[in-house]
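Order of the sequence lines sets the chain letters (A, B, ...), proteins ahead of strands, with each chain counted from 1.
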There are 2 protein chains.
Amino acid sequence: MENCVIDIDDMQFILQVLGGKWKLHILTTLYFGKKRFKELEREITGISPKMLIKELKELEAAGIVDRQTFNTVPITVEYSLTEDGLTLKPVLEHMKTWATTFRETQQVKTMTASAL
Amino acid sequence: MENCVIDIDDMQFILQVLGGKWKLHILTTLYFGKKRFKELEREITGISPKMLIKELKELEAAGIVDRQTFNTVPITVEYSLTEDGLTLKPVLEHMKTWATTFRETQQVKTMTASAL
DNA sequence: CTGGATCCTTTAAGATACTG
DNA sequence: CAGTATCTTAAAGGATCCAG
């Protein structure tokens with residue numbers, strides 16, 4: 001019945017992948033290329049190492065993000081998007097496009113209403 | 001900088017609209033047509049009236065859902081998707097399609113890995 | 001540098017009883 | 001019927017300090 005329109009499990013999955021306060025920030029940052037832990041921490045204003053590592057682990061477990069370690073001193077770790085992670089991009093673009101036009105439309109309606 | 005890929009505010013907005021435990025259930029139910037409060041409560045297994053009204057109010061405030069009251073005894077209230085709310089459907093389909101194929105791909109990889 | 005561990009606050013959600 | 005109110009629990013998130 002439910003999958004007549006959308007499959008709830010699949011939807012909950014993508015919301016889990018994108019949800020939370022920081023996942024989108026991490027993903028958009030990684031779309032510019034691979035980054036080290038400290039680079040991510042610097043570029044994502046306000047995030048704590050605890051949150052950063054937690055979100056990265058979830059994205060890694062989901063198969064969106066890849067983690068590579070290098071035996072330098074001190075140790076270096078690089079995070080990047082997987083091939084599969086890159087397939088998220090058009091979906092994000094679609095969502096963003098919808099949200100942008102939707103919010104503009106709502107804005108116009110609010111202004112029109114207050115002008116009455 | 002950030003809107004080179006996606007606009008965080010717009011993305012947070014759509015995640016807010018779709019996020020939480022029940023919004024998708026409500027939306028998919030309403031895609032079948034307008035429903036009364038009690039009908040929604042019956043069709044969405046496990047939801048409490050408190051959660052239902054809370055999510056409905058958020059969707060209404062966002063302009064996704066419309067609420068109509070009728071002065072019958074007892075009072076009747078009908079919820080439906082707005083015109084703008086209907087524009088969400090293709091976005092949801094896109095998200096679902098991605099999630100489905102992504103999860104199938106990951107499943108294959110896991111099975112392949114365990115076969116090694 | 002890359003995290004782990006701990007404690008604390010805030011928010012989301014569930015249960016249940018109640019009102020116009 | 002269509003919600004409200006209250007109470008409680010669970011989960012998310014933040015702050016800080018510490019270790020390999």
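Put simply, the side chain of A:Thr82 gets close to the backbone of A:Gly63: a donor and an acceptor are under 3.5 Å apart. Here the side chain of B:Tyr31 pairs a donor or acceptor atom with the backbone of B:Lys89 at under 3.5 angstrom. Looking only at distances, a side-chain donor or acceptor of A:Thr110 sits under 3.5 Å from a matching main-chain atom of A:Gln106.
A:Glu41 has a carboxylate O that lies under 4.0 Å from a charged side-chain N of A:Lys38, or vice versa, which qualifies the two as a salt bridge. We find that A:Lys35 and A:Glu78 are not joined by a salt bridge, their nearest charged nitrogen and carboxylate oxygen being 4.0 Å or further apart. Ion pairing of A:Glu58 with A:Lys23 is present here, as a side-chain N (NZ or NE/NH1/NH2) and a carboxylate O approach within less than 4.0 Å.
Regarding contacts with the backbone of C:dT2, a side-chain N or O of A:Arg36 is found under 4.0 angstrom from either OP1 or OP2. In this model, the phosphate group of C:dT2 is not approached by any side-chain N or O of A:Arg42 to a distance below 4.0 Å at OP1 or OP2.
From the 5' end on, the contacts that DNA chain D makes with chain A at under 4.0 Å to a non-hydrogen atom open and close at D:dG13 to D:dA15.
The aromatic rings of A:Tyr79 and A:Phe37 are tilted relative to each other, their planes meeting at an angle between 30° and 60°.
The CD1 atom of B:Ile75 sits 18 Å away from the P atom of C:dT19 (whole-angstrom rounding). Counting to the nearest Å, the P atom of C:dG3 and the CD1 atom of A:Ile26 are 12 Å from each other. One can place CD of A:Glu78 at 13 Å from C1' of C:dC1, the figure rounded to the nearest angstrom.
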Dump every N/O contact between nucleotides 12-14 of chain C and the protein below 3.5 Å, one line per pair.
residue : atom : partner : partner atom : Å
C:dA13  : OP1  : B:Lys21 : N            : 3.2
C:dG14  : OP1  : B:Lys21 : NZ           : 2.2
C:dG14  : OP2  : B:Trp22 : NE1          : 3.0
C:dG14  : N7   : B:Lys50 : NZ           : 3.4
C:dG14  : O6   : B:Lys50 : NZ           : 2.3

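In this structure, the side chains of A:Leu40 and A:Ile47 stay at 4.5 Å or more apart for every pair of heavy atoms.
As judged by a 4.0 angstrom heavy-atom cut-off over every strand, B:Phe70 is placed among residues making no nucleic acid contact.
Rounded to the nearest 0.5 angstrom, B:Ile8 CD1 and A:His25 NE2 are separated by 4.0 Å.
Across the helix from C:dC1-D:dG20 to C:dG20-D:dC1, the helix axis at one end is tilted relative to the axis at the other end by 40° (nearest 10 degrees, each axis from five pairs).
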task = Assess whether salt bridge (Lys or Arg N to Asp or Glu O under 4.0 Å) is satisfied between B:Arg36 and B:Glu39, documenting all intermediate values.
result = CA-CA 5 Å; B:Arg36 300 172 52 180; B:Glu39 291 180 298; 5.2 Å; no
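Each of A:Asp10, A:Asp7, A:Asp84 was scored for a salt bridge (charged side-chain N to carboxylate O under 4.0 Å, His left out) with B:Arg103, with one residue passing: A:Asp10.
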